[in-house]
Amino acid sequence: LYFKGDWTHKFDEELTVEEEFNSDDDQNLTQMMNKFFKEGQSQYQEGDDYDSIALTYGDEEKAAPTMRMVLIRPKDDQQSARKFMEQYDGQDFPNWLEPANFERVTATVKLPHIDIEQDHDIKPVLEDMGIKQIFDERAADLLKMSSDKESPLVVSKISHQTAFKTDEKGSELAAITTANVMRATAFMPEPVKHVDMFFDRSFAFALQDIKTGALIFSGTINKPNKEMKTLLACNKKRTP
């Protein structure tokens, strides 16, 4: 999976300043982008326990934007975004992606530079789902993958790697899943309101196809980049 897009309404680099970002376990300083979005340049949704805003990609003078980033912030500032997202596990289409739930607003948005890379071992997840035979050298049947019939193959590890960058111009996202294979021996218009959406603590995001509503990618941000400067390490109590 690969995506690269320029914001429809870009952030001004001159308005990016060093500001505080509160991770789940410490306080930091990081480069924070700032922008005022006019009516129609963003869409907002308020849920019982979250606020979210949708920002689009693409030059709207050439064509209507087809992709957008939905940024989700738990209302409880003591709740980590990861814990918040766990309640939506298994849902194909959570409320915060439903287009009908969004409204036109004016908005002031603060968003940190994002530059993260992660590598997850998903073998335990697959085993929990019942996919076990390919990891067992005595039971794996992968002979069609090799011309060497004397040395059967077995999958030793499956990794899911992601990289996500966001700055004033736009976003770039890549995800790849790889397997290590080895020898077995090895609407009515309403008055427009204004919202302040400050993503200065852990938050969630989702890349969504606007036309189909399909969820392309989602995740949570707790450490947005490696350039953060730690101000204070603390033991914050987060709600379960």
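With contacts defined as side-chain heavy-atom distances shorter than 4.5 Å, the pair Glu46/Val195 does not qualify. Looking only at side-chain heavy atoms (C-beta outward), Glu103 and Lys193 come within less than 4.5 Å of each other. Taking the side chain as every heavy atom from C-beta outward, Gln31 and Glu227 never approach each other to under 4.5 Å. Side-chain contact between Phe37 and Met197 is absent, with no heavy-atom pair separated by less than 4.5 Å. A 4.5 Å side-chain heavy-atom check between Phe203 and Pro112 finds at least one atom pair inside the cut-off. No side-chain heavy atom of Lys211 sits less than 4.5 Å from a side-chain heavy atom of Thr66. Using a 4.5 Å cut-off on side-chain heavy atoms (C-beta onward), Met32 and Asp200 make contact.
Here the closest heavy-atom approach between residue Ser202 and residue Ser80 is recorded as OG-CA, 3.7 Å. Listed here is the closest heavy atom pair of Asp167 and His113: CA-CD2, 4.1 Å. Heavy atoms only, all atoms of each residue included: Ile158 and Asp121 are closest at O-OD1, 3.3 Å. The two residues Pro224 and Asn222 make their nearest non-hydrogen contact at CD-O, 3.6 Å. Nearest heavy atom pair, residue Ala81 against residue Pro74, reads CA-CG, 4.2 Å. Taking every heavy atom of both residues into account, Arg68 and Pro99 meet most closely at NH2-CA, 4.2 Å.
Of the options Thr108, Asp12, Leu15, a side chain to side chain contact (heavy atoms under 4.5 Å, CB included) to Phe36 is made by Thr108 and by none of the others.
Note that CZ of Phe205 and CZ of Phe199 are 12.0 Å apart. Values are rounded to the nearest 0.5 Å. To the nearest 0.5 Å, atoms CD1 (Ile114) and CG (Asn225) are separated by 8.5 Å. Within the model, atoms CG of Leu97 and CZ of Phe102 stand 7.0 Å from one another, a figure rounded to the nearest 0.5 Å. Within the model, atoms OG1 of Thr220 and CZ of Arg82 stand 5.0 Å from one another, a figure rounded to the nearest 0.5 Å. To the nearest 0.5 Å, atoms CD (Glu98) and CD (Gln208) are separated by 8.5 Å. Interatomic distance, Phe11 CZ to Leu111 CG, rounded to the nearest 0.5 Å: 5.0 Å.
Taking the ring centroids of Phe164 and Phe217, they lie at or beyond the 6.0 Å cut-off.
In this structure, Lys75 contributes its side chain and Gly47 its backbone to a donor-acceptor pair below 3.5 Å.
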Next on the checklist: Run the side-chain contact (heavy atoms from CB on, under 4.5 Å) test on Val70 and Gln45 for me, step by step, so that the C-alpha distance in whole Å, both residues' side-chain angles and the decisive distance to 0.1 Å come before the verdict.
Outcome noted: CA-CA 10 Å; Val70 181; Gln45 179 189 165; over 6 Å; no
Checklist entry - Checking side-chain contact (heavy atoms from CB on, under 4.5 Å) for the pair Ile216/Met67: CA distance, chi angles, key distance, verdict? => result CA-CA 10 Å; Ile216 308 300; Met67 299 291 291; 3.9 Å; yes
Next on the checklist: For a side-chain contact (heavy atoms from CB on, under 4.5 Å) check, start with the C-alpha distance between Ser23 and Met228, then their side-chain angles and the critical distance, and finish with the verdict.
Outcome noted: CA-CA 10 Å; Ser23 301; Met228 294 190 305; 4.3 Å; yes
Checklist entry - Would Trp7 and Glu168 satisfy side-chain contact (heavy atoms from CB on, under 4.5 Å), going step by step from the backbone distance to the final call? => result CA-CA 8 Å; Trp7 296 120; Glu168 290 85 358; 6.0 Å; no
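Around atom NZ of Lys110, more than 12 heavy atoms belonging to other residues, nucleotides or ligands sit under 6.0 Å away. For Gln87, the CD atom sits in a packed shell: over 12 heavy atoms of surrounding residues, nucleotides or ligands are nearer than 6.0 Å.
In this structure, Arg201 does not pair ionically with Asp76, as no charged nitrogen and carboxylate oxygen lie closer than 4.0 Å. Taking 4.0 Å as the cut-off between side-chain N and carboxylate O, Lys223 and Asp26 count as a salt-bridged pair.
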Residues 52-65, side-chain donor-acceptor partners within the protein, below 3.5 Å, at least two apart:
| from | atom 1 | to | atom 2 | distance (Å) |
| --- | --- | --- | --- | --- |
| Thr56 | OG1 | Thr8 | OG1 | 2.7 |
| Tyr57 | OH | Ser171 | OG | 2.8 |
| Asp59 | OD1 | Glu61 | N | 3.0 |

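When hydrophobic clusters are built by joining Ile, Leu, Val, Met, Phe, Trp and Tyr residues whose side-chain heavy atoms come closer than 4.5 Å, directly or via intermediates, Leu207 is not grouped with Tyr2. Hydrophobic clustering, with ILVMFWY side chains joined whenever heavy atoms are under 4.5 angstrom apart, keeps Ile210 apart from Val105. There is no path of hydrophobic side-chain contacts, each under 4.5 Å, that joins Phe198 to Phe84.
Within the structure, every pair that satisfies the salt bridge (charged side-chain N to carboxylate O under 4.0 Å, His left out) test and touches residues 27-44, not counting sequence neighbours, is listed here: Glu39-Arg104.
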